[in-house]
Amino acid sequence: MSEKNLLTSQRIRVRITKDYHQEPVISRLVSDYGLTINIKAAFLGQDAISDGWFDLDLQGTETQISNGLSYLQELKLEVWDEDRIGNW
């Protein structure tokens, strides 16, 4: 098995702006990019006025994770990784 096919994981925090409250952002990471997602923590209010956030463990190949993160960047969502957040 090549290194590109090895499973790895990455923990991120993503801020979901109110514009994306009704969009299947997390679901698309699974269906379109083949990632396994574990939601470690989340806050997304029902009021659709304020932003929400998710702490996620992403599992997949490096390519899958990279493509999933690119998707979040295309949506212009803020994404922090463990290096930028420190000890959550």
Side-chain angles (χ1 to χ4, degrees):
M1 182 179 273
S2 74
E3 283 192 31
K4 287 188 175 189
N5 293 328
L6 291 177
L7 291 180
T8 187
S9 63
Q10 182 172 348
R11 188 160 180 202
I12 64 167
R13 178 175 288 172
V14 60
R15 189 173 113 200
I16 305 294
T17 60
K18 62 184 177 185
D19 300 332
Y20 289 102
H21 279 206
Q22 300 300 317
E23 297 294 322
V25 174
I26 306 302
S27 177
R28 286 193 177 128
L29 289 173
V30 175
S31 63
D32 295 354
Y33 300 97
L35 294 169
T36 299
I37 306 289
N38 186 12
I39 300 171
K40 302 297 265 184
F43 176 77
L44 189 61
Q46 292 181 330
D47 61 13
I49 295 171
S50 57
D51 296 346
W53 57 266
F54 287 88
D55 280 352
L56 305 173
D57 277 334
L58 309 177
Q59 185 179 21
T61 65
E62 286 186 23
T63 300
Q64 288 171 314
I65 291 174
S66 177
N67 290 341
L69 292 174
S70 292
Y71 160 69
L72 296 175
Q73 289 175 342
E74 288 171 13
L75 297 178
K76 298 190 182 347
L77 299 176
E78 287 185 69
V79 177
W80 301 272
D81 61 19
E82 291 174 320
D83 295 333
R84 290 183 57 200
I85 292 282
N87 188 4
W88 299 354

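Note that CZ of Phe43 and CG of Asp51 are 10.5 Å apart. Values are rounded to the nearest 0.5 Å. In this structure, the separation between CG on Leu56 and CZ on Arg13 is 10.5 Å, given to the nearest 0.5 Å. The CG atom of Asn38 lies 9.0 Å from the CZ atom of Arg11; values are rounded to the nearest 0.5 Å. With values rounded to the nearest 0.5 angstrom, Glu78 atom CD is found 11.0 Å from Ile16 atom CD1. With rounding to the nearest 0.5 angstrom, the CD atom of Glu62 is 9.5 Å from the CD atom of Gln10.
Side chains of Leu35 and Asn67 form no contact here, defined as non-hydrogen atoms less than 4.5 Å apart. Proximity of Arg15 to Leu77: side-chain heavy atoms (C-beta onward) are nowhere separated by under 4.5 Å. In this structure, the side chains of Ile12 and Leu72 come closer than 4.5 Å at one or more pairs of heavy atoms.
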Practice prompt. Given side chain to side chain contact (heavy atoms under 4.5 Å, CB included), test Leu58 with Leu69 step by step and report yes or no.
Written response: CA-CA 10 Å; Leu58 309 177; Leu69 292 174; 4.1 Å; yes

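Between Leu75 and Tyr20, the shortest heavy-atom distance links the atoms O-OH, 3.5 Å. Between Thr8 and Thr61, the shortest heavy-atom distance links the atoms CG2-C, 4.2 Å.
Residue Val14 is grouped with residue Tyr71 when hydrophobic side chains (ILVMFWY) are merged at heavy-atom distances under 4.5 angstrom, including chains of intermediate members.
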